[in-house]
Amino acid sequence: QVQLVESGGGLVQAGGSLRLSCAASGRTFTTYSLAWFRQAPGKERDFVAAVTWIDGNIYYADSVKGRFTISRDNAKNTVNLQMNSLRPEDTAVYYCSATNYYSRYDLLKEVNMKYWGKGTLVTVSS
């Protein structure tokens, strides 16, 4: 069992930065790939970024590539999402998730995530 708790959301102006953190509990943290998804108002939940457990590979959605950086700290059981050059369209609830999958194809799909946090709201004003 893995519990995930996100923090770091808030209100920021366009062009600004935020850093999201996800604290995980559980003895097998290192055997889970970790991902961030987001859900904008009235829209489906979409993949943002992921880091695998097996080789540390990192994947990003095209919409955030070059602006967002995901990182994991196995010693602290945390995964972070550094978000720079934020845009109003980045406004969403951001969710941390964990899964045993590690291929890019599988990590893109929320149905493959085994555990979810409750989410943290990011609002980017124009």
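Just the heavy atoms: all of them, side chains too, but no hydrogens, waters or symmetry mates, feed the values below.
- In this structure, Thr52 contributes its side chain and Asn57 its backbone to a donor-acceptor pair below 3.5 Å.
- Taking every heavy atom of both residues into account, Leu18 and Gly8 meet most closely at CD2-O, 3.9 Å.
- Considering only residues two or more places apart in sequence or on other chains, Phe47 meets the ring-ring contact (aromatic ring centres under 6.0 Å, His included) condition with Phe37.
- Met113 is connected to Val93 through a chain of hydrophobic side-chain contacts under 4.5 Å among Ile, Leu, Val, Met, Phe, Trp and Tyr, so both are in one cluster.
- Between Ile70 and Tyr59, every side-chain heavy-atom pair lies at or beyond the 4.5 Å cut-off.
- Rounded to the nearest 0.5 Å, atoms CZ (Arg67) and OG (Ser85) are 7.0 Å apart.
- Glu6 places no side-chain N or O within donor-acceptor distance of the main-chain N or O of Thr120, the cut-off being under 3.5 Å.
- Val124 and Leu20 fall within the same hydrophobic cluster, defined by Ile, Leu, Val, Met, Phe, Trp and Tyr side-chain heavy atoms under 4.5 Å apart, directly or through other members.
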Could you please spell out the steps behind the side chain to side chain contact (heavy atoms under 4.5 Å, CB included) verdict for Cys22 and Leu34?
-> CA-CA 9 Å; Cys22 175; Leu34 301 166; over 6 Å; no
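- No side-chain heavy atom of Trp36 sits less than 4.5 Å from a side-chain heavy atom of Ser97.
- Cluster annotation: Phe68 and Ile58 are assigned to the same hydrophobic cluster (Ile/Leu/Val/Met/Phe/Trp/Tyr, side-chain heavy-atom contacts under 4.5 Å, transitive).
- Tyr32 and Leu4 fall within a single hydrophobic cluster, where Ile, Leu, Val, Met, Phe, Trp and Tyr are joined by side-chain heavy atoms under 4.5 Å apart, directly or via other members.
- Side-chain contact between Val64 and Arg38 is present, with heavy atoms from C-beta onward closer than 4.5 Å.
- Note that CG of Leu11 is 6.0 Å distant from OG1 of Thr123, once rounded to the nearest 0.5 Å.
- Its side chain within the 4.5 Å cluster rule, Trp53 clusters with Ile54, Tyr102 among the Ile, Leu, Val, Met, Phe, Trp and Tyr residues.
- Side-chain atoms of Ser33 come within 3.5 Å of backbone N or O of Tyr101 as a donor-acceptor pair.
- Within the structure, ring-ring contact (aromatic ring centres under 6.0 Å, His included) contacts touching residues 72-94 (residues at least two apart or in different chains) do not occur.
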Quick one: do Asp90 and Val122 satisfy side chain to side chain contact (heavy atoms under 4.5 Å, CB included)? Show the steps, please.
-> CA-CA 8 Å; Asp90 294 318; Val122 172; 5.6 Å; no
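- Qualifying side-chain contact (heavy atoms from CB on, under 4.5 Å) partners for Arg19, counting only residues two or more places apart in sequence or in other chains: Ser71, Asn80, Gln82.
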Give the intermediate values and the outcome of side chain to side chain contact (heavy atoms under 4.5 Å, CB included) for residues Val48 and Tyr95.
-> CA-CA 9 Å; Val48 175; Tyr95 297 90; over 6 Å; no
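- Applying the side-chain hydrogen bond (donor to acceptor under 3.5 Å, both in side chains) rule to pairs touching residues 107-117 yields Arg45-Glu110, Tyr105-Lys109, sequence neighbours excluded.
- Remark: side-chain polar atoms of Asn77 are not paired, donor with acceptor, to backbone N or O of Ala23 under 3.5 angstrom.
- Residue Ala14 comes nearest to Ser126 through the heavy atom pair CB-CA, 4.3 Å, listed as atom of the first residue, atom of the second, then distance.
- Partners of Lys65 by side-chain contact (heavy atoms from CB on, under 4.5 Å), not counting sequence neighbours, listed by chain and number: Tyr60, Asp62.
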